[in-house]
Amino acid sequence: MVCMSRVWQRGSRFAARLRNRDWAFRLAGLSVRYYSTKTAPQIPGMEYQDAVCTLNTLQTNASALEQVRRERSHPQQQLHAMRGFLERAGLKVEELDHLNIIHVTGTKGKGSTCAFTEQILRSYGFRTGFYSSPHLVQVRERIRINGRPIGKELFTKYFWQVYGRLDESKDAHGGTMPAYFRFLTILAFHVFLQEKVDLAVIEVGIGGAFDCTNIIRRPWVCGISSLGIDHTQILGDTIEKIAWQKGGIFKPGVPAFTVKQPEDAMVVLRNRAKEMKCPLWTCPDLEDYQADLPEPLRLGLAGQHQRSNASLALQLSHTWLQKRYKSFPSFPAENTGGLQATPFKPSPIMVKGLADTEWPGRNQTLKHGAVTYFLDGAHTMRSMQACVHWFRDTAAQHERNASGPVVRVLLFNATGERDSAAMLKLLVPCHFDFAVFCPNITEVITSCNADQQNFNVSVENMLTRCLDNERSWRLHKSLGDPRGAQLLIEDTLSLVPERKADTLVFPCILSALQWITQGRDSVLADPAKTVPPVKPSVKTKAAPLCDAAEIHVLITGSLHLVGGALKHLDTASSK
């Protein structure tokens, strides 16, 4: 166990970073309440937040950032470094063989595929581990036992076990500590071994070949969900380069399954499978499993695109069960051509597993009285196309049942290198009455909840990106002057002259949600949820929201945005 003086020291550095952010908040006329982890042990129940605050120091650890920059040009070093960190944490790569792993990568749908697979195998009575990213509300969502995020006490206990070993050994290794995602991956392996799971479903972070989860030597089965263009600075800017990275999770003799891919990507995957001596199969359409079933398969996750994810999950779980029950079929290594996998009749347990699957923040609908929220963390062009298709169908169904006029509102943010202008163009045909933009800041008054802190992006950059997104929307809508909207803060601090528009920019997620709902969602009407006042002229823009029978809100563009919204809309997720 790491000594408390070291915890306090790191907590003080965390608080210092919060103080450094103060200028940006005050520029926007926002008040900030600080919280130092140094006092955490004196507050009942705050040990979990103390662990999360310490974890957050790994986001901006200078040596870790330098290490990432150095390894990007020598990607093979990433897995070598991961092995070193794993050993320093007291684990051996060989121990991971005992986790009976299902390893899944892809550009979109890999998390949903993992969720389907985990639910099916848990429905058989197996004790499951599930590691995914990113989290929506609390970091412990990334590490699940039997489908539920590990408890705060369990997270805290295992966190300090792993962190303590790494911290105590860092001086002998040049002061290095693993970066945020690397640490959580090691923590997940540690938790699953300690909790003696029957299997672990592991979602790749980025790519595959050099992702830190690829330290796994002997998974039981691998899967690749739909491929597309994303993370181009790391993975490459063509579908072929990205497919090469994703195919890096293939292992000799380990069966692998992929959904149908663009032919250019399939050629690369076949070549990678041949190179690795890995038997590769392409999943059939979900309809092909229907023979002899009394009724169509029902999925717990909405959206037409989930059907290919469900087919992949059926093949992954079916193959895992065959190995578990010693009825494992022969997968000769020469079958590397991506032949179509054989559809089978899903068992009643599989059918129920698909129907019972839940995966928040992906094609999720929440109805709070007169306000209905449609949440989807789409952040690539292909996933946004799927989101638009889902939203238009689902929202139309809700509007047919509405008691009167409905106002449609878009709440959007996109981060990183993603082409937000192109994604916004896809959303224009949805005919929103308002487009609202805000950064991935949950609320402007920081509290003890450190789970959603991100120190890799400055507040100034986040706000600037929102204004850029607003300009892009206005250009797509041909609304005239594209100079941008004001940030909705106190009268004396407006950034640009006010003008009439159907676009608005807010400094945080809570302020955006409260303006959109206009007091019509009791969950957001909590007096404890306070935001800076908006200008009187901004209040007059809300008349259509007050007069409508219902308000429909699509929240999309970023899983972090969706997570910040769920923190306020689903109070159980924050407990």
Side-chain angles (χ1 to χ4, degrees), residues 107-109 111-112 134-137 226 228-230 301-306 359-368 371-399 406-442 452 462 465-466 468-470 472-473 476-477 502-506 508-510 512-513 515-517 551-570 573:
T107 305
K108 72 184 187 75
S112 300
H135 61 278
L136 293 176
V137 180
S226 180
I229 305 297
D230 196 20
L301 305 183
Q304 189 69 21
H305 58 287
Q306 296 292 358
W359 195 225
R362 290 81 171 175
N363 304 127
Q364 181 182 7
T365 304
L366 291 176
K367 186 168 178 59
H368 290 187
V371 185
T372 303
Y373 303 93
F374 304 87
L375 303 105
D376 188 68
H379 53 272
T380 69
M381 290 297 289
R382 290 192 66 190
S383 59
M384 188 58 72
Q385 288 170 340
C387 171
V388 168
H389 182 78
W390 163 74
F391 173 74
R392 294 182 74 172
D393 287 350
T394 307
Q397 294 175 14
H398 281 264
E399 287 177 11
V406 174
V407 170
R408 281 189 179 185
V409 183
L410 170 66
L411 178 56
F412 180 90
N413 190 41
T415 59
E417 64 196 52
R418 297 179 176 92
D419 190 347
S420 53
M423 287 193 286
L424 286 167
K425 188 173 183 178
L426 294 175
L427 289 160
V428 170
C430 292
H431 303 297
F432 293 101
D433 299 288
F434 292 93
V436 177
F437 303 90
C438 68
N440 294 339
I441 299 173
T442 308
Q452 294 179 324
M462 287 191 283
R465 183 68 180 267
C466 290
D468 289 341
N469 291 338
E470 188 271 344
S472 295
W473 180 262
H476 289 319
K477 295 283 289 182
D502 65 349
T503 59
L504 300 155
V505 181
F506 287 86
C508 71
I509 296 170
L510 179 59
L513 289 173
W515 183 85
I516 291 168
T517 56
I551 302 170
H552 290 176
V553 189
L554 173 62
I555 304 174
T556 191
S558 163
L559 274 170
H560 300 287
L561 173 68
V562 168
L566 283 173
K567 177 183 182 294
H568 296 297
L569 301 176
D570 181 10
S573 65

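As a basis for the values below, the full set of heavy atoms in this structure was taken, side chains included, without hydrogen atoms, waters or symmetry mates.
- Residues Thr365 and Trp390 form a side-chain contact, since some pair of their non-hydrogen atoms from C-beta on lies under 4.5 Å apart.
- A distance-only check finds no donor-acceptor pair linking the side chain of Thr503 to the backbone of Ala435 [under 3.5 Å].
- Atom-to-atom distance recorded for Lys567:NZ and Leu136:CG is 13.5 Å, nearest 0.5 angstrom.
- No side-chain donor-acceptor contact under 3.5 Å links Ser472 to the backbone of Ala421.
- For the residue pair Asp468/Ser420, the side-chain donor-acceptor check at 3.5 Å is not satisfied.
- Put simply, the side chain of Trp473 does not reach to within 4.5 Å of the side chain of Phe412, judged on heavy atoms.
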Report all side-chain donor-acceptor pairs from residues 424-431 shorter than 3.5 Å, counting only partners two or more places apart or in another chain.
residue : atom : partner : partner atom : Å
His431  : NE2  : Pro429  : O            : 3.2

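- A distance-only check finds no donor-acceptor pair linking the side chain of His135 to the backbone of Gly563 [under 3.5 Å].
- Of all the heavy atoms in Arg465 and Thr415, the pair that sits closest is NH1-C, 3.5 Å.
- Between Asn413 and Ile509, every side-chain heavy-atom pair lies at or beyond the 4.5 Å cut-off.
- The shortest distance between side-chain heavy atoms of Val407 and Phe434 falls below 4.5 Å.
- The shortest non-hydrogen separation linking Asn440 to Ser558 is ND2-OG, 3.2 Å.
- Under the 4.5 Å side-chain criterion, counting only non-hydrogen atoms from C-beta, Cys438 is not in contact with Leu510.
- Using a 4.5 Å heavy-atom cutoff, the side chains of Leu513 and Val436 are not in contact.
- Side-chain atoms of Gln364 come within 3.5 Å of backbone N or O of Gly361 as a donor-acceptor pair.
- In this structure, Arg418 contributes its side chain and His379 its backbone to a donor-acceptor pair below 3.5 Å.
- Taking the side chain as every heavy atom from C-beta outward, Arg408 and Phe391 approach each other to under 4.5 Å.
- Side-chain contact, Ser226 with Arg382: a donor N or O sits under 3.5 Å from an acceptor N or O.
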Evaluate the side-chain contact (heavy atoms from CB on, under 4.5 Å) criterion for residues Cys387 and Leu554: first the C-alpha distance (whole Å), next the side-chain angles of each, then the deciding distance (0.1 Å), finally the verdict. CA-CA 10 Å; Cys387 171; Leu554 173 62; 4.1 Å; yes
